[in-house]
Amino acid sequence: MSKTLAAERAYLKKNQERLRRRYPGKYLLIKGAKVHGAYDTREAGVLAGVERFPDARAFLVRSVDQPEDLVVSNPALSLGVPLSCSS
């Protein structure tokens with residue numbers, strides 16, 4: 001396993017049952033050993049992470065009910081390249 005997001009994965013693993021009870025059906029935005037938001041969709045969690053942590057190289061968005069996770073690595077943002085989204 002990559003060392004990228006090791007703290008976030010360890011936090012989630014240690015607290016999975018508590019987080020599942022507190023945030024049923026949600027996708028969690030985790031940075032460090034802290035939940036920074038709970039979202040109805042993975043996409044909403046990723047967008048919130050990009051907005052909240054524009055200089056971060058990575059953060060974790062993970063469903064508390066599913067075993068897979070989505071690692072978002074954003075080297076363009078860490079280099080100061082703006083992200084453009086349209087709705």
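If you read the sequence from its start, that first residue is 1, and numbering goes on from there.
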### Message
So L12 and Q16, do their side chains get closer than 4.5 Å, heavy atoms only?
### Response
yes

### By side chain to side chain contact (heavy atoms under 4.5 Å, CB included) - contacts of A7 (at least two apart)
none

## Note on the structure
So CG of L19 and CZ of R62: to nearest 0.5 Å the spacing works out to 10.0 Å

### Message
Can you list everything that forms a salt bridge (charged side-chain N to carboxylate O under 4.0 Å, His left out) with R20? Sequence neighbours excluded, please.
### Response
E17, D65

### Query
By side chain to side chain contact (heavy atoms under 4.5 Å, CB included), which residues pair with Y39, not counting sequence neighbours?
L29, A44, A48

### Task
Kindly give the heavy-atom pair with the smallest separation between Y11 and I30, and that separation in Å.
CD2-CG2, 4.1 Å

### Query
Just wondering, do D40 and K26 contact through their side chains at under 4.5 Å, heavy atoms?
yes

### Query
Between F59 and R52, is any pair of side-chain heavy atoms under 4.5 Å apart?
no

### Query
Excluding sequence neighbours, so at least two apart, what forms side-chain hydrogen bond (donor to acceptor under 3.5 Å, both in side chains) with Y23?
none

### Message
So, taking the atom named NZ in K34 and the one named CG in L28, what distance separates them when rounded to the nearest 0.5 Å?
### Response
13.5 Å

#### Entry: By salt bridge (charged side-chain N to carboxylate O under 4.0 Å, His left out) - contacts of K31 (at least two apart)
none

### Minimum-distance pair of heavy atoms, taken over all atoms of V61 and Y27
CG1-CB, 4.3 Å

### Query
What residues form a side-chain hydrogen bond (donor to acceptor under 3.5 Å, both in side chains) with R22, not counting sequence neighbours?
none

